[in-house]
Amino acid sequence: PDMILSWSSLFSDKNLGNVTNWIDKGCNTYYNSNTRPGGERTLENEYTDILNLGKIFDVQDKAEAIVDDIKAVIDNTLEATKDVEEKPTVMVLEPLGEDITNYGASSLGGDMVTKLGATLANPDASTVGKEDIIAANPDVIFVVYMPYSGDDPETVKQEKLDVLLKDEAYQSLDAVKNGRVVPIMLSEMYASATRTKDGIVTFANGLYPDIDLGIE
């Protein structure tokens with residue numbers, strides 16, 4: 001190929017090999033900034049990647065329009081909720097077997113939530129247990145799911161939601177009692193690229209379900 005656009009994890013010995021080897025062969029490479037090992041994963045990185053790809057493929061106007069559209073959703077949400085005195089507390093969780101991944105302050109999902117005015121209930125942990133979730137007791141819990149090839153998306157989504165909804169230990173949580181456990185697809189809030197707006201809209205609607213945000 002003339003170019004490989006991917007995640008940094010694909011450029012490993014077990015997968016595609018070193019980036020330099022491809023460049024030496026005349027194949028350009030670009031990987032999503034938010035997939036680099038270490039460092040914070042931010043909305044700003046997604047904006048930068050989109051704008052960079054606009055330059056690479058000489059479609060700067062289209063790239064700028066995508067970024068402006070994402071920023072407009074955030075601006076509209078903040079404007080519509082400016083009079084909300086107590087912004088919601090949030091956890092973004094992904095059940096993975098015995099472990100539950102917590103998308104905190106250094107994650108893209110966490111950055112999206114805070115940019116929309118909400119507060120992360122447990123910003124520093126990368127994984128959490130039942131006790132941690134119960135102690136945090138957030139107003140809203142976003143449950144991350146990801147259907148892969150051959151999966152039924154609705155089944156995968158419900159299975160992840162049921163980890164919280166059908167466990168007796170979680171029935172005391174405000175988010176469970178108030179019906180504020182909201183699904184979000186992994187691809188909308190991890191290395192989301194052109195799906196970034198979808199993720200922002202999902203988060204915004206889940207955070208402020210009773211407010212007309214003027215977004216689609």
Side-chain angles (χ1 to χ4, degrees), residues 7-9 31-51 67 70-82 84-96 98-146 160-161 163-164 170 173-176 180-193 195-209 213 215:
W7 290 8
S8 69
S9 58
Y31 57 75
N32 182 289
S33 299
N34 279 331
T35 66
R36 289 178 299 193
E40 294 191 347
R41 308 191 187 288
T42 65
L43 269 173
E44 199 60 43
N45 284 342
E46 295 298 330
Y47 299 156
T48 298
D49 285 344
I50 292 169
L51 295 175
V67 171
I70 299 167
K71 292 180 176 179
V73 174
I74 296 173
D75 291 343
N76 289 345
T77 300
L78 294 178
E79 177 63 25
T81 59
K82 64 182 180 181
V84 177
E85 293 184 5
E86 291 191 20
K87 299 293 175 67
T89 57
V90 182
M91 292 185 83
V92 183
L93 304 175
E94 183 177 12
L96 295 169
E98 293 297 314
D99 298 320
I100 298 179
T101 297
N102 179 65
Y103 290 89
S106 62
S107 71
L108 177 59
D111 192 43
M112 288 176 163
V113 164
T114 54
K115 288 291 194 298
L116 290 166
T119 301
L120 291 169
N122 195 335
D124 300 321
S126 57
T127 60
V128 290
K130 289 183 180 181
E131 297 82 1
D132 302 310
I133 299 169
I134 293 167
N137 193 23
D139 298 314
V140 189
I141 297 175
F142 290 94
V143 175
V144 180
Y145 73 101
M146 189 63 205
K160 296 296 184 183
L161 288 170
V163 171
L164 273 80
Y170 295 126
L173 292 173
D174 289 342
V176 173
R180 303 197 66 187
V181 178
V182 183
I184 183 166
M185 198 176 295
L186 178 67
S187 58
E188 293 183 352
M189 43 74 68
Y190 182 87
S192 50
R195 297 184 181 91
T196 300
K197 179 185 174 183
D198 298 334
I200 292 291
V201 169
T202 300
F203 276 131
N205 286 328
L207 292 171
Y208 310 107
L213 303 176
I215 62 175

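Note that this is a predicted model, so its numbers are computed, not measured.
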Checklist outcome for this item: Shortest non-hydrogen pair, W7 vs Y31, comes out as C-CB, 3.8 Å
Checklist entry - Does the R41 side chain pair with the main chain of R36, one donor and one acceptor, at a distance under 3.5 Å? => result yes
Next on the checklist: Side chains of N32 and E46, heavy atoms from C-beta outward: is any pair under 4.5 Å?
Outcome noted: yes
Checklist entry - Out of curiosity, T127 OG1 to E94 CD, how far, rounded to the nearest 0.5 Å? => result 12.5 Å
Checklist entry - Judged by atom type as modelled, is there a donor-acceptor pair below 3.5 Å linking the side chain of D111 to the main-chain atoms of L43? => result yes
Item to check | Criterion side-chain contact (heavy atoms from CB on, under 4.5 Å) against I100, the qualifying member of V143, D132, V144, V128 | outcome: V128
Checklist entry - Is there a side-chain contact between P88 and Y208, using heavy atoms and a 4.5 Å cut-off? => result yes
Item to check | Beyond-backbone contact of M189 with D198, side-chain heavy atoms, under 4.5 angstrom | outcome: no
Item to check | Contact summary for A136 and A121, nearest pair of heavy atoms | outcome: CB-CB, 4.0 Å
Item to check | Test item: N102 side-chain N/O and A125 main-chain N/O as donor-acceptor pair under 3.5 Å | outcome: yes
Checklist entry - If only atom types and distance count, is the side chain of S192 paired as donor or acceptor with the main-chain N or O of R195 below 3.5 Å? => result no
Item to check | Heavy-atom pair with the smallest gap, counting every atom of S187 and M146 | outcome: N-SD, 3.8 Å
Checklist entry - Would you say T89's side chain and D139's backbone share a donor-acceptor pair under 3.5 angstrom? => result yes
Checklist outcome for this item: dist N122:CG -> D124:CG (nearest 0.5 Å) comes out at 7.0 Å
Item to check | For T35 against A191, the heavy-atom pair lying closest together | outcome: CG2-CB, 3.7 Å
Next on the checklist: Looking at D75 and K71, is any side-chain nitrogen of the basic one under 4.0 Å from a carboxylate oxygen of the acidic one?
Outcome noted: no
Next on the checklist: Can you tell me how far apart OG (S33) and CG (L108) are? Round to the nearest 0.5 Å.
Outcome noted: 11.0 Å
Checklist entry - Could you state the interatomic distance from CG (L213) to CG (N205), rounded to the nearest 0.5 Å? => result 6.0 Å
Next on the checklist: As an exercise, state the distance from CD1 of I184 to CE of M112, rounded to the nearest 0.5 Å.
Outcome noted: 7.0 Å
Next on the checklist: Does any part of the side chain of T81, heavy atoms only, come nearer than 4.5 Å to the side chain of L207, both counted from C-beta?
Outcome noted: no
Checklist entry - Please walk me through it: do L96 and K160 pass side-chain contact (heavy atoms from CB on, under 4.5 Å)? => result CA-CA 9 Å; L96 295 169; K160 296 296 184 183; 4.1 Å; yes
Checklist entry - Is there a donor-acceptor pair under 3.5 Å between the side chain of N34 and the backbone N or O of T42? => result yes
Item to check | Any F142 side-chain heavy atom under 4.5 Å of V182 side chain | outcome: yes
Checklist entry - Between atom CG of L173 and atom CD1 of I133, what is the distance when rounded to the nearest 0.5 Å? => result 7.5 Å
Checklist entry - Does the side chain of F203 reach to within under 4.5 Å of the side chain of V140, using non-hydrogen atoms? => result no
